[in-house]
There are 2 protein chains.
Amino acid sequence: MHNCTSHNDCIADALHRAEEICEARELRFTELRRKVLELVWERHGPIKAYDILDKLDNRIGATKPPTVYRALDFLTDNGLVHKINSLNAFVGCSHPLTHRECYFLICSDCGEAKECCNSEITDVISKTIRRNEFLTDHITLEITGECRDCRGVH
Amino acid sequence: MHNCTSHNDCIADALHRAEEICEARELRFTELRRKVLELVWERHGPIKAYDILDKLDNRIGATKPPTVYRALDFLTDNGLVHKINSLNAFVGCSHPLTHRECYFLICSDCGEAKECCNSEITDVISKTIRRNEFLTDHITLEITGECRDCRGVH
DNA sequence: ATCGCGAATGTTATATTATAACATAATATT
DNA sequence: AATATTATGTTATAATATAACATTCGCGAT
Ligand SMILES: [Zn+2]
Ligand SMILES: [Zn+2]
Ligand SMILES: [Zn+2]
Ligand SMILES: [Zn+2]
């Protein structure tokens, strides 16, 4: 679904953006948080907390669930990572400075998640929210199915 | 958030609709499935699987997780109940014949979930999906926050 | 430099959510 | 009635997540 020419660049960019954001906000982008973000960015799709845990184990020795969940909390709280609730998994945010709520197209075949945020969706959802006089905390929009590539569309 | 004059009627209606739908589709609306649906409809908000389990225990003696999850699977598969992924909880569908995908406004204060499905949202989401040549399996739209009543709006 | 503070991480234990696998019972089909 | 199918019961365990407390780290004040 994603056609990054060099995924190493994707990862490097994500880490670099995270650094900048944390510096600007006076947040501590620790080694642990960096490693977890790096693992989240291993591919353009959601990864499970316990898979991150396993990969950390391989790199830095036995790690425990709270370690990973705390790092993920930090990253999601600061918009660097999104939780995909329908999968209990986590994915890197493609544009952490742009906005907080992201919408996703999630391919159940290749496992990739593509952000499909757009103002048209936001506008019409906002309208519904206003009509209901609702005070929004968070919007989850997750669309599962099969992506263009996996469908074999040319 | 909901102003049903008699919630017993809500429950009775939901059970009756379920009966009709199951009959029309030649599905078996068993006692267990009925009881689980009834418990889901105890209020206009999501209920957790293990809370259903506890309430079944009180009514019909020790019940085990698979019993509840299988009944919930049946009910969700047939559009009588929706799973709220952001809460790991289940809520009765207000209009099981109208459509499969429902959008929710979920109040974190009173715990109610209001369906806010409308074609405007569906249309704009569909457009995004088409533009991405995506083949949709399921759409999850969950908006959490504070409802009109809990905000104290008049 | 070291003391003290708050933030981050380590550690142990456990809570919560969900399913696998197999046995039995109920219902439908022949 | 015999057989197949579907639903439920049962045991065990997998997968996801957090509570509670101990230790360490980073950093400013003394
Ligand atoms: Zn890439
Ligand atoms: Zn795909
Ligand atoms: Zn009601
Ligand atoms: Zn409310």
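In the text below, chain A, chain B and the rest are named by the order of the sequence lines, each starting its count at 1. Below, all heavy atoms of this structure are taken into account, side chains as well, without hydrogens, waters or symmetry copies.
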What is the distance, to the nearest angstrom, from the CD1 atom on B:I52 to the C1' atom on D:dT8?
17 Å

How would nucleotides 15-24 of chain D be written as a contact map, 5' to 3', with B for base contact, S for sugar-phosphate-only contact and - for no contact, using protein heavy atoms under 4.0 Å?
-BBBBB----

Atom CG of B:L72 and atom P of C:dA18: how far apart are they, to the nearest Å?
9 Å

Sequence neighbours excluded, which residues qualify as side chain to side chain donor-acceptor pair (under 3.5 Å) partners of A:K83?
none

With sequence neighbours left out, what residues match B:R28 under side chain to side chain contact (heavy atoms under 4.5 Å, CB included)?
B:T30, B:R33

I'd like to know if the side chain of B:T144 and the backbone of A:H138 have a donor-acceptor N/O pair within less than 3.5 Å.
yes

All N/O donor-acceptor pairs, side-chain side in residues 34-45 of chain A, below 3.5 Å, sequence neighbours left out:
| from | atom 1 | to | atom 2 | distance (Å) |
| --- | --- | --- | --- | --- |
| A:R34 | NH2 | A:E19 | OE2 | 2.1 |
| A:E42 | OE1 | A:K55 | NZ | 2.6 |
| A:R43 | NH2 | A:P46 | O | 2.9 |
| A:H44 | NE2 | A:H7 | ND1 | 3.1 |

Mind listing the residues from residues 19-40 of chain B sitting with a heavy atom below 4.0 Å of DNA chain D? Number order is fine.
B:R28, B:T30, B:L32, B:R33

Donor-acceptor pairs are to be reported for all side-chain atoms of residues 88-95 of chain B against protein atoms at under 3.5 Å, with residues two or more places apart or in another chain.
| from | atom 1 | to | atom 2 | distance (Å) |
| --- | --- | --- | --- | --- |
| B:H95 | NE2 | B:H99 | NE2 | 3.2 |
| B:H95 | NE2 | B:E115 | OE1 | 2.5 |

B:T67 vs D:dT8: side-chain N/O to OP1/OP2 distance below 4.0 Å:
no

For A:N132, what residues pass the side chain to side chain donor-acceptor pair (under 3.5 Å) criterion, not counting sequence neighbours?
B:K114

Side chain to side chain contact (heavy atoms under 4.5 Å, CB included) with A:L135: which residues, sequence neighbours excluded?
B:E146, B:R151

Expressed as a whole number of angstroms, how long is the span from B:D54:CG to C:dT17:P?
11 Å

Taking CG from B:D77 and P from D:dT6, how many angstroms apart are they, rounded to a whole number?
14 Å

Side-chain donor-acceptor pairs of residues 117-126 of chain B under 3.5 Å, sequence neighbours excluded:
| from | atom 1 | to | atom 2 | distance (Å) |
| --- | --- | --- | --- | --- |
| B:N118 | OD1 | B:E120 | N | 3.1 |
| B:N118 | OD1 | B:I121 | N | 3.0 |
| B:N118 | ND2 | A:T128 | OG1 | 2.9 |
| B:N118 | ND2 | B:C116 | O | 3.4 |
| B:E120 | OE1 | A:K127 | NZ | 3.4 |
| B:E120 | OE2 | A:K127 | NZ | 2.6 |
| B:T122 | OG1 | B:Y103 | OH | 2.7 |
| B:T122 | OG1 | B:N118 | O | 3.3 |
| B:S126 | OG | B:T122 | O | 2.7 |

